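The next block holds one structure in the form of structure tokens; read it before the comments.
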Amino acid sequence: MQEPDLITEGLNLLILGMGFVFVFLTLLVVATTLMSKSINHFFPEAEEPAPAKAGKAAALPTEQNSEVIAAISAAIHLHRHRNKN
Amino acid sequence: MQEPDLITEGLNLLILGMGFVFVFLTLLVVATTLMSKSINHFFPEAEEPAPAKAGKAAALPTEQNSEVIAAISAAIHLHRHRNKN
Amino acid sequence: MQEPDLITEGLNLLILGMGFVFVFLTLLVVATTLMSKSINHFFPEAEEPAPAKAGKAAALPTEQNSEVIAAISAAIHLHRHRNKN
Amino acid sequence: MDKVLLLWEGSGLYNLTLPQFIMIAICLVLLYLAIAKKFEPLLLLPIGFGGILANIPEAGLALSALDQAISVLNPETARLFAQELGITLQSAAEEENRLAIKAAVKGLEDPVIYKNLKAIAAAQGYTDGMLYTFYKVTIASGAAPLIIFMGVGAMTDFGPLLANPRTLFLGAAAQFGIFATVLGAVGLSALGVVDFNINQAAAIGIIGGADGPTAIYVSSILAPELLGAIAVAAYSYMALVPLIQPPIMRALTSKEERSIQMSQLRPVSKKEKIIFPIAVLGLVVLFLPSAAPLLGMFCLGNLMRESGVVERLSDTAQNALINTVTIFLGLSVGSKLVADLFLTVETLGILSLGIVAFGIGTACGVLMAKLMNRFSKMPINPLIGSAGVSAVPMAARVSNKVGLESNPQNFLLMHAMGPNVAGVIGSAVAAGIMIMYLG
Amino acid sequence: MDKVLLLWEGSGLYNLTLPQFIMIAICLVLLYLAIAKKFEPLLLLPIGFGGILANIPEAGLALSALDQAISVLNPETARLFAQELGITLQSAAEEENRLAIKAAVKGLEDPVIYKNLKAIAAAQGYTDGMLYTFYKVTIASGAAPLIIFMGVGAMTDFGPLLANPRTLFLGAAAQFGIFATVLGAVGLSALGVVDFNINQAAAIGIIGGADGPTAIYVSSILAPELLGAIAVAAYSYMALVPLIQPPIMRALTSKEERSIQMSQLRPVSKKEKIIFPIAVLGLVVLFLPSAAPLLGMFCLGNLMRESGVVERLSDTAQNALINTVTIFLGLSVGSKLVADLFLTVETLGILSLGIVAFGIGTACGVLMAKLMNRFSKMPINPLIGSAGVSAVPMAARVSNKVGLESNPQNFLLMHAMGPNVAGVIGSAVAAGIMIMYLG
Amino acid sequence: MDKVLLLWEGSGLYNLTLPQFIMIAICLVLLYLAIAKKFEPLLLLPIGFGGILANIPEAGLALSALDQAISVLNPETARLFAQELGITLQSAAEEENRLAIKAAVKGLEDPVIYKNLKAIAAAQGYTDGMLYTFYKVTIASGAAPLIIFMGVGAMTDFGPLLANPRTLFLGAAAQFGIFATVLGAVGLSALGVVDFNINQAAAIGIIGGADGPTAIYVSSILAPELLGAIAVAAYSYMALVPLIQPPIMRALTSKEERSIQMSQLRPVSKKEKIIFPIAVLGLVVLFLPSAAPLLGMFCLGNLMRESGVVERLSDTAQNALINTVTIFLGLSVGSKLVADLFLTVETLGILSLGIVAFGIGTACGVLMAKLMNRFSKMPINPLIGSAGVSAVPMAARVSNKVGLESNPQNFLLMHAMGPNVAGVIGSAVAAGIMIMYLG
Ligand code: NA
Ligand code: NA
Ligand code: NA
């Protein structure tokens, strides 16, 4: 008796599971599409993505960059100094 | 009967708390002033703070700096090389 | 009665411990030597160590280097520009 | 088909209650403030997100295994619980049995039976919800606010304070907001508006300390049931400092006072900075042992920073460690934003009292600065008094900004950093007194 | 001399069993694959190493204190255990007593007695093995896979998915591999080949999700005894994706289909990226509360990334935190590679079913893409369907590579990233359904 | 006014005992050494700070909830404890009742009653002290020293050892310091000077291993009550290596021996470095399972380093993870510096024996090198023998420095790194034997 039950359970899980996965992701497609459309309609921002990205990249390493720039300045100073001699 | 007790407790806490906060921070003012005076008297170190700060900044990124310097040298080398042509 | 037992235990531990440490590390010497010999025999790789090391050093900071190089390029550009004036 | 029904009956849409819906909306507002308005995003983003998770119906993320077992009691578990509790379940209806057991557990006094119930729930396959686990590890253990306080210590520069130690008095005066709010809370209770006991009143007062980890630490000890509202109030009002403080500062000062220029701060030697955290710790040892966890970890962080010999530890305390703990602390605070804890009239009381606390603290700081100005040779701009509430470094920036309005050459930022960090010490001292007196 | 004998009798060489030897050899193969072949080394290196540690004879690193006490039962502990269990030890032979107690503990139903036995073992000086401790803290608590999932969320860019949301269907179709494998597992059981119950079958199926943390999370809830084999299978097959997928992809598509060029993806605004994780969370709240831990942490990580206001938290979630958790997760998974759990016919079943799951998932993704192509104006290259199994970012790279073979100008990588991350969501949804239905 | 009295009676000044004062002074000396003299500051700074916190009167930071409940026993808790313990409290005086209960708890054998007492204390509102919590999580669990050892493994380059494997013998010989010290400790006990049992003697001996995590791990298992003194001794003497070793090294060698130039080390291939940690693990599996936690984690760290495929994990193990654990390990060790554990004649014994252990280890390393020189073709400078005690990398630097004194062209640093890391393996092996024999 146990085997048929097990297979039934497996089939149930298959149908229920795939059904729900599709329902859920379909809802997500709908939600995402609506969301994107309304955002692009109400807040049309042609140029935003690019600066946003750049902003992110620049956020953390500022301190580092200043060090780097200091090092470079020093190196260039040295380089000019040596060139003179 | 409970309400007056609660208010008394609140008043107690107010008087005791503010009193103790002032006592504690006054002691801290005294301790800090004495500490600073004795340190500046026994170890007069006009120039220490600045190198201390520099030392701290330089502590960790040494390894990084060497990389940076290597990169700079390479770049400058390239730059000189290109200038020649 | 307890003291002599304790000393016996200490002596036991000394003999057993030092004995085993030597046995273990001797086995390790043997294993290591055999391992090194067979590796260098079957995979003679005169030049591997160096690139391996370089590879390791280069693994993580790639992203960083690109930043550094961008910074350097900017600095050099600036430097050339200023030299012109 | 039964199974589809099961899925539907287990769905959020089917089970969502109005209070849960309202809480989720509130949490979305918190996320909006954190992201779009940059309201203390490091804390309010995880708090808001955790709040949403905590209110997902049927997920039980904020419940312990025992609470979950009781909330969805199956007959077998009910039987075992009843046996352990020594009660008999007469009713045929499962729901009545569930309520009987719930009431019996609530009234339970014997901790050994309680432990056994927990063991039974675990054996029946119930597990602690994710947020409950995070709460237990980070806040109930007391560890997370202390670790964050260590990181804050490692980020704090006591230089401006050491250059002008009298600014500690400003940090003391601003704590009046804390204790006045306690009085306000017990007053509201006496009037019958809300019902706070003295411990809850003290935990609410600490909002006036304007210091997140201190507020969370104190309320986790004195009134964990209010922790969600208190933390949200504390962080929100800290973000609102640029709106709350300036009107009060302007009302209490004349234009001449606001234009006072302060003399430049003397340089502070490395030795002084190293000894200062040890001196603070010494005073804690001598006078206020109950503040030892908070101020101890704060001083440890600062000593790691200033000693200069453990850069790696200081660096980790300021970055990887504090960031990790912040994520889980935020989620854990969010776990206290469940509807039945938050949607109460008490929360409204907390939010109202909290803003009063900020206002009183600001006013007392400014007034104290004016008072000190009478007795001192060195001039003190009263605007730096408001920075005594803490809210580091926002309050110091506000002092600077209001100062610049009156005198464009008057840079108060460094002078305001003294009372600003003094306020952190002051509220930790106040926290220690409350824990000692009530804990 | 007795002591030398003791040392010898306590040595690994004296106690090593053949199954332990085989397991150590298998783990060395895992290390070889991780290091020399770069098979998902971040996980397989610690898993393989943990597996060796778990199989060291006499070390008991993967055993709890109670298990250790039972495995080397001394007479005094035996007496105390027998007293607590309420059994009488008649036998003079210690080994017989040990087996009697072992059987009694195995058959024990009362969780309170179980707790007491643990207390007795601890009082007798037995301690949890190192790997057991790691397992308890990281996996049994559920925390580690969730924290890793948060980090993965913080590393994921949903831009390509948002630019073309229909690719979510590909991520849905590829989950068929999961459920088909469940059916295969119960089928094998029905045939009597192996003996899986429905929970075990579900945990095996999730291998087809091609997502490590999800697989570990699900099997830790539904079938912890199979966790070692399932995790090894999941990560190994993820590493083998470049070998498994291309033949299936080629068999199901014509050269023309493989050469289809897709139109360039539109730019996606920052606002869309911020709202997307909140939208996913909203659907979880409404429809699938049981997926809240997994998808909640994933969305939190992604929101931290995209909001741009908590860079420090996002950075820690992607680096120090996820790396730390990965080390201990790997070792903990390794603790389930002990011989008596792994060297079974079930493991062979799991390994066979796992690769079938990958194959079916791949095929369904490709077929779904072909189906969508019939009904859609915008052309879809069916090769990106295979990326719907997840295995981020390997599967997307495979789509790109196979695409380039047919048309050297056809760069599918970005297009394949959409279904690729959709597959992550898809398998988390599938995981939620399984946990709800069976957990 | 009563309340002010309460504040005063709760203050540290009122309650500070002389022993606590002395301990705080000792901890300040540790901080001074760490900061001003750079004595192993990464550990000694948190240890010293933790020691101060542990000795704050009335704060109870190093006490468990149960210990706190007993130390400030209120009548209600006393009644509940007495009931659980099955004793009757006849006395009217609370202090007598307290002592009666304290004695009963100390003599308690039944772990179940002990667990129940803990539950009662928690229910009465007592909580574990902060340092006690840290100790429980980091050291009592065994995790922290092992995680640090993993980080040390990830920082260790076995290249010099692999280029000259015979230096392993130097690392073996230097462990004589460990076992000789054990003998010394039992000898002192036999003479009645102090009272160490064999487990305590073994834990003291491990100081001679000159390896912090190993010393902490071993003493947490064999003699947790001595952990504070042992850790302080181990780290202090490691910092003093440049003072302790050179006189011994000079006394045992002639100027000619010290001037011996060693041939340059051969380059070691990446493959050898990858296989070495696996080979060490293999020997552990075969011969010394009890060393598996220590050497296993060490080898894992080294394999992560050398394999080159898990850079992120290796990087985290060497930085964020080891730093975090170091902070809490240090504080936890500090929690064992409470006056009644530390201010004993045993501590003086430990400190004396510890330095003897370092001396003997150094001497044996040097003598072994001289012995090897007799039988070997390749010359060995006996100065590198002293590096066999571990104390990485300080001892190797000392070898180099003393070598340069005799011959300014003689750079011994790389040659000394071989025995230096061999000493780490050697003392972990010794630790394994002790745990096996006594644990
Ligand atoms: Na404050
Ligand atoms: Na998937
Ligand atoms: Na050693």
Side-chain angles (χ1 to χ4, degrees), chain D residues 3 6-8 10-16 20 24 28 31 34-36 38-39 41-46 49-50 52-53 55-61 80 84 112 115-116 118-125 127-131 133-134 137 316 319-324 326-328 330-331, chain E residues 108-116 118 137 140-143 146-147 150 220-221 271 274-275 277-278 281-297 299-301 303-304 306-317 319-321 323-325 432-433 436-437 439:
Chain D
K3 297 293 181 179
L6 186 87
L7 202 63
W8 168 241
S11 79
L13 201 55
Y14 181 85
N15 291 287
L16 192 69
Q20 285 170 331
I24 290 175
L28 286 172
L31 288 182
I35 296 171
K38 299 205 172 43
F39 267 35
L42 291 174
L43 263 297
L44 285 188
L45 191 146
F49 205 93
I52 297 177
L53 293 178
N55 285 288
I56 299 181
E58 300 295 291
L61 294 181
L80 293 169
E84 181 68 35
V112 175
K115 252 193 141 59
N116 292 346
K118 278 160 75 173
I120 293 168
Q124 290 290 310
T127 52
D128 289 342
M130 177 184 81
L131 294 177
T133 304
F134 291 166
V137 172
T316 296
N319 292 292
L321 183 52
I322 197 173
N323 293 345
T324 301
T326 298
I327 294 172
F328 294 105
L331 288 172
Chain E
L108 186 63
E109 289 199 343
D110 187 335
V112 176
I113 294 179
Y114 193 77
K115 253 193 138 60
N116 292 345
K118 277 160 75 173
V137 173
S141 75
L146 296 177
I147 295 171
M150 177 174 70
S220 76
I221 292 175
K271 284 203 179 62
I274 293 175
I275 291 180
I278 299 176
L281 181 66
L283 288 179
V284 169
V285 170
L286 293 179
F287 300 108
L288 196 57
S290 56
L294 271 176
L295 281 174
M297 292 300 274
C299 291
L300 172 61
L303 184 62
M304 295 199 302
E306 300 297 352
S307 69
V309 292
V310 290
E311 290 286 339
R312 336 176 17 129
L313 304 187
S314 169
D315 179 57
T316 296
N319 292 291
L321 183 53
N323 293 344
T324 301
V325 173
I433 296 167
M436 186 195 183
Y437 190 87

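Below, read A as the first sequence line, B as the second, and so on, with proteins coming before strands; counting in each chain starts at 1. On a predicted model such as this, the values are computed, not experimentally measured, just so you know.
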Pro289(E) pairs by side-chain contact (heavy atoms from CB on, under 4.5 Å) with which of Leu16(D), Ile56(D), Leu53(D), Asn15(D)?
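Only match with Pro289(E) under side-chain contact (heavy atoms from CB on, under 4.5 Å): Ile56(D).
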Residue, of [options], that accumulates the most heavy atom pairs under 4.5 Å with chain D:
options	result
Asn319(E), Leu288(E), Leu303(E), Ile433(E)	Leu303(E)
Ser307(E), Ala320(E), Ala317(E)	Ser307(E)
Thr324(E), Leu281(E), Ile278(E), Val284(E)	Leu281(E)

Does any non-hydrogen side-chain atom of Gln20(D) lie less than 4.5 Å from one of Val285(E)?
no
When rounded to the nearest 0.5 angstrom, what is the spacing between [atom1] in [X] and [atom2] in [Y]?
X	Y	atom1	atom2	answer
Leu31(D)	Ile274(E)	CG	CD1	11.0 Å
Asn116(D)	Lys115(E)	CG	NZ	8.5 Å
Glu109(E)	Leu80(D)	CD	CG	9.0 Å
Phe287(E)	Tyr14(D)	CZ	OH	15.0 Å

Applying side-chain hydrogen bond (donor to acceptor under 3.5 Å, both in side chains), can you list everything that pairs with Thr316(E), at least two apart in sequence or on another chain?
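Listed in chain order: Asn323(D).
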In chain order, what residues pass the side-chain hydrogen bond (donor to acceptor under 3.5 Å, both in side chains) check against Glu58(D), with sequence neighbours excluded?
none
Counting only heavy atoms closer than 4.5 Å, note whether Ser290(E) contacts chain D via side chain, backbone, both or neither.
neither
For Ile147(E), which atoms come within 4.5 Å of any heavy atom of chain D: side chain, backbone, both, or neither?
side chain
So what's closer than 4.5 Å to chain E heavy atoms on [X]: side chain, backbone, both or neither?
X	result
Ala34(D)	backbone
Ile52(D)	side chain
Ile24(D)	side chain

From the list Ala123(D), Pro46(D), Pro57(D), the residue making the most non-hydrogen contacts under 4.5 Å with chain E is Pro57(D)
Give the intermediate values and the outcome of side-chain contact (heavy atoms from CB on, under 4.5 Å) for residues Arg312(E) and Thr326(D).
CA-CA 10 Å; Arg312(E) 336 176 17 129; Thr326(D) 298; over 6 Å; no
List the atom of Leu313(E), the atom of Leu42(D), and the distance in Å for their closest heavy-atom pair.
CD1-O, 3.5 Å
